[in-house]
Amino acid sequence: MTQSDFFSRVYRVVRRIPPGRVTTYGAIARFLGSGQSARMVGWAMNKSYGQTPFVPAHRVVNRNGFLTGKQHFGFSGTMQQLLESEGVHIENDQIPEFENLFWDPLKYLNPDLF
DNA sequence: ACTCTGACGAACC
DNA sequence: TGGTTCGCCAGAG
């Protein structure tokens with residue numbers, strides 16, 4: 001594992017997502033210059049458990065604001081609980097305010113630094 | 001070496 | 001409107 005590994009780059013982006021905000025697998029992939037690799041971002045999240053520093057994977061949802069990765073948080077409901085503890089409202093595994101809470105890496109981070 | 005499977009998303013029917 | 005295909009590519013069998 002080196003600093004430039006795709007997974008490491010993904011983790012570094014995810015760690016920058018502010019509490020109470022969310023982004024998408026595709027947005028991260030596009031930010032890293034690999035727009036068609038959203039699946040790899042998902043795979044990276046799957047392997048993010050136990051990483052240090054902590055990787056707030058619960059702040060990454062799919063492009064429609066659905067908590068598609070909730071099954072991977074151990075007890076079903078953990079992902080939702082983490083988000084709600086940050087003030088993110090959820091209904092039926094979806095974030096109604098998704099469009100307002102969406103945090104785009106391309107808008108706040110410099111790709112050259114990743 | 002080869003096939004299959006995805007925490008995705010866009011393009012096609 | 002909705003199901004299927006396809007690009008992507010790292011692991012597992």
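The figures that follow rest on heavy atoms only: side chains count, while hydrogens, waters and symmetry mates do not. Quick note on labels: first sequence line is chain A, next is B, and so on, each numbered from 1.
- You can see that DNA chain B meets the heavy atoms of chain A within a 4.0 Å-exclusive cut from B/dG6 to B/dA10, reading 5' to 3'.
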Within the sub-3.5 Å range, which N or O atoms of nucleotides 4-7 of chain C have a protein N or O partner, and how far apart are they?
{"unit_1": "C/dG7", "atom_1": "O6", "unit_2": "A/R39", "atom_2": "NH1", "d": "2.8"}
{"unit_1": "C/dG7", "atom_1": "N2", "unit_2": "A/Q36", "atom_2": "O", "d": "3.3"}

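- A straight line from CH2 of A/W43 to P of C/dA10 spans 12 Å, rounded to a whole angstrom.
- Not a single donor-acceptor pair under 3.5 Å links the side chain of A/R30 to the backbone N or O of A/G35.
- As judged by a 4.0 angstrom heavy-atom cut-off over every strand, A/S34 is placed among residues making no nucleic acid contact.
- Between the A/N62 side chain and the A/G65 main chain, a donor and an acceptor come within less than 3.5 Å of each other.
- A donor-acceptor pair is defined here as one N or O able to donate and one able to accept, closer than 3.5 Å; such a pair exists between the side chain of A/T23 and the backbone of A/W103.
- Around the OH atom of A/Y49, the shell of radius 6.0 Å holds no more than 12 heavy atoms that belong to other residues, nucleotides or ligands.
- If you measure from atom NZ of A/K47 to atom P of C/dA10, you get 13 Å, rounded to the nearest angstrom.
- A/N46 comes within contact range of at least one nucleobase, with a heavy-atom separation under 4.0 Å.
- Listed for the A/R15 side chain is a donor-acceptor partner under 3.5 Å among the backbone atoms of A/P53.
- Using a distance-only test at 3.5 Å, with no hydrogens or angles considered, no donor-acceptor pair links the side chain of A/R59 to the main chain of A/R21.
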